[in-house]
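Below is one structure, written out as structure tokens; comments come after it.
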Number of protein chains: 2
Amino acid sequence: MTMQQTGGRRRPPTIHDVAREAGVSRGTVSRVLNGGHYVSPAAQEAVNAAIRRTGYVVNRHARSLITGRSDSVGFLLTEPQERFFEDPNFNVLLRGCTQALAAHDIPLLLMIAGTEAERRRITRYITAGHVDGVLLVSSHSGDPLAERLRDAGVPLVACGKPIGQASRISYVAADDRDGARYMVRHLLSLGRRRIGTITGPLDTPGGVDRLGGYREVLAEAGVALDERLVATGDYSRAGGEACAARLLDRVPDLDALFVASDLMARGALTALQRAGRRVPEDVAVGGFDDSPAATATEPALTTIRQPWDRISSEMVRVLLALIGGEDPAAVILPTELVRRASA
Amino acid sequence: MTMQQTGGRRRPPTIHDVAREAGVSRGTVSRVLNGGHYVSPAAQEAVNAAIRRTGYVVNRHARSLITGRSDSVGFLLTEPQERFFEDPNFNVLLRGCTQALAAHDIPLLLMIAGTEAERRRITRYITAGHVDGVLLVSSHSGDPLAERLRDAGVPLVACGKPIGQASRISYVAADDRDGARYMVRHLLSLGRRRIGTITGPLDTPGGVDRLGGYREVLAEAGVALDERLVATGDYSRAGGEACAARLLDRVPDLDALFVASDLMARGALTALQRAGRRVPEDVAVGGFDDSPAATATEPALTTIRQPWDRISSEMVRVLLALIGGEDPAAVILPTELVRRASA
DNA sequence: CTGAAAGCGCTTACAG
DNA sequence: CTGAAAGCGCTTACAG
């Protein structure tokens with residue numbers, strides 16, 4: 001029993017009904033549906049009218065069976081932790097991608113591959129051709145899934161630069177290094193000289209590149225690098241708190257902190273407060289992301305804005321190009337300093 | 001050109017390849033694929049072995065073309081605001097539904113109908129049979145989309161009780177009224193008698209029923225109802241802050257606050273702090289949801305836990321039953337008081 | 001229990 | 001520019 005029959009729905013009109021209604025062949029209807037090439041204006045008109053009258057909607061399954069395309073895209077999240085779901089950036093990204101795809105009338109399939117079993121199941125599903133391409137989101141890049149899919153010939157765009165040499169995986173990312181440079185220069189301009197940093201995990205581009213930008217600017221400014229001022233975090237709030245406590249312990253006179261994510265910065269604020277430091281008077285704090293977390297703190301965070309709207313729309317644009325046969329591409333988008341109260 | 005040819009993928013094996021490999025007809029392979037009824041153990045075995053050897057995966061488009069089912073489900077978000085995306089509960093729900101469906105090997109299509117144009121496009125897409133059913137999530141229930149889809153015969157499960165009379169729309173919800181009762185009883189047990197409340201919007205079940213529970217318990221306890229103690233909020237943080245300020249203004253000696261969401265409670269905490277009230281000493285504060293927001297505050301929020309994991313798994317269960325031809329159902333799940341520092 | 005055959009709704013060379 | 005026809009990969013009565 002088809003679903004159309006359940007619930008009292010009538011059998012929907014097919015291309016055959018439209019053809020009869022328009023007085024043309026089914027081939028002609030199909031041509032109108034697929035761009036209207038080699039169709040006379042009169043036929044075009046008649047078919048469009050018949051489509052309107054019948055309420056015809058193409059049956060995607062029949063079309064996909066022939067074209068071999070599914071006209072859908074997967075949004076693949078590979079994250080063992082629940083952390084990513086708590087990350088406000090994720091929401092913006094998912095929403096942005098859904099809407100950018102909707103503009104092309106392409107549905108987004110959400111896939112979560114947290115465990116190895118799920119990764120296998122999803123790999124099979126994807127390589128069987130059930131989606132035309134994949135938007136890949138994972139915090140720890142160098143993800144084996146990315147290479148597996150790429151090797152299987154699946155069009156793929158990662159969010160953030162995949163770590164690993166010349167992997168020929170397309171990606172869209174904010175300019176992490178540049179963002180870090182803006183922030184550290186800002187802290188220097190405030191007269192701070194004992195600037196600590198809490199990095200992201202060093203197997204992520206955000207971890208490596210933001211630390212790189214920090215080092216570069218200090219070196220340019222002639223400020224001696226002090227490794228005791230560097231703590232490696234994990235992008236979690238609790239991690240940020242622990243790192244800040246450690247830094248204060250090692251370098252009690254630090255006067256600024258560049259934290260590689262707003263969520264960690266929030267944890268750092270807690271640690272600073274507990275240690276009796278005023279922000280920004282004693283310690284200026286800069287975050288990264290400009291996530292909702294940045295305005296939820298007291299004081300509100302000075303941070304680096306990542307252009308999530310553009311990141312998602314660019315991911316979709318590059319993926320559709322890839323599906324259309326174009327070559328892989330990398331897109332780096334500029335960041336921006338957002339000044340609030342914390343620095 | 002099929003996608004399999006792009007990127008150097010070989011044409012995937014079909015049921016025909018499996019049949020040849022197993023030495024049976026395609027009909028027999030299909031029977032094995034669809035439950036193995038009327039198939040001899042020997043044939044069963046041979047087919048399974050052939051499937052393994054060939055790496056066969058069913059072509060869903062061909063199957064759907066015949067069965068009229070898509071074997072996929074839509075997760076439909078109707079929300080004009082971005083607010084819902086910022087709501088941590090949404091994440092948990094989306095994640096839970098994705099995983100519950102994955103266990104049945106059913107992909108989830110994310111659909112966002114923020115504008116009227118999007119609603120029309122998505123309605124067409126859904127009623128054309130591209131998904132077998134819909135998980136509907138909207139904060140303001142009484143959503144016209146729900147009725148439109150129901151009238152079109154689309155299997156549908158709402159998150160939260162749809163407002164409106166006997167709409168015969170299946171839903172899964174936490175027991176809002178009962179949750180509110182727990183909280184207000186708890187505040188009474190603390191010795192508080194001037195208990196204010198900040199409600200959700202009164203066109204939402206969470207708004208109406210949590211207020212109902214509040215009133216019931218106070219009436220049972222013989223505490224006179226004072227309408228000045230009731231403020232209508234909007235589930236936003238800023239709204240919570242404004243409402244709390246208003247209540248303090250109207251009833252300066254209030255000694256407790258039952259707030260219908262953690263996010264609003266967070267705003268209320270800010271207002272209380274600014275007014276110089278200590279929490280919980282001067283004013284005990286109870287939230288609702290047990291969202292991540294509840295532990296992000298200082299002091300951490302005493303709140304009512306909504307069982308999001310079960311809500312999502314029940315939504316999926318009910319939807320699959322509906323698709324299977326069962327009658328609509330309503331599922332109400334129990335809530336639980338979570339005691340922390342704020343009350 | 002099993003095979004041969006029809007058919008799901010569409011697209012796409014192929015003739016004209 | 002247009003129609004008739006083949007065929008995409010599967011499922012499902014229908015005979016046996």
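Everything quoted here is computed from the prediction, not taken from an experiment. We name chains A, B, ... by the order of the sequence lines, and we start the count at 1 in each one.
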Sequence neighbours excluded - salt bridge (charged side-chain N to carboxylate O under 4.0 Å, His left out) pairs with any residue from residues 37-52 of chain B: none

Qualifying salt bridge (charged side-chain N to carboxylate O under 4.0 Å, His left out) pairs with a residue from residues 99-113 of chain B, counting only residues at least two apart or across chains: A:Arg121-B:Asp105, B:Arg60-B:Asp105

Qualifying side chain to side chain donor-acceptor pair (under 3.5 Å) pairs with a residue from residues 310-322 of chain A, counting only residues at least two apart or across chains: A:Glu314-A:Arg317

Touch class at under 4.0 angstrom, heavy-atom based, for B:Ser30 against every strand present: base

Side chain to side chain contact (heavy atoms under 4.5 Å, CB included) partners for [X], two or more places apart:
X        : answer
B:Ala50  : B:Val18, B:Glu21, B:Ala22, B:Arg53
B:Ala174 : B:Gln306, B:Pro307, B:Ile311, B:Thr335
B:Arg124 : A:Val57
B:Ala103 : none

For DNA chain C, the residues among residues 43-56 of chain B that have a non-hydrogen atom under 4.0 Å from it: B:Ala43

All N/O donor-acceptor pairs, side-chain side in residues 33-42 of chain A, below 3.5 Å, sequence neighbours left out:
residue	atom	partner	partner atom	Å
A:Asn34	ND2	A:Ser30	O	2.7
A:Asn34	ND2	A:Ser30	OG	3.4
A:Ser40	OG	A:Ala43	N	3.2

Residue pairs involving residues 97-132 of chain A (criterion ring-ring contact (aromatic ring centres under 6.0 Å, His included); sequence neighbours excluded): A:Tyr125-A:His130

Position toward the 5' end of DNA chain D (nearest nucleotide), A:His37 or B:Asn34: A:His37

Nearest-Å distance once atom C1' is located in both C:dT12 and C:dG16: 16 Å

Ranges pairing with ranges for DNA chain C, where each run has three or more Watson-Crick or G-U pairs under 3.5 Å: C:1-3 with D:14-16, C:5-12 with D:5-12, C:14-16 with D:1-3

Pair B:Arg20 + B:Asp17, salt bridge at N-O below 4.0 Å: yes

Heavy-atom contact window of chain A on DNA chain C, given 5' to 3' at under 4.0 Å: C:dG9 to C:dA13

First encountered from the 5' end of DNA chain C, between B:Leu65 and B:Pro41: B:Pro41

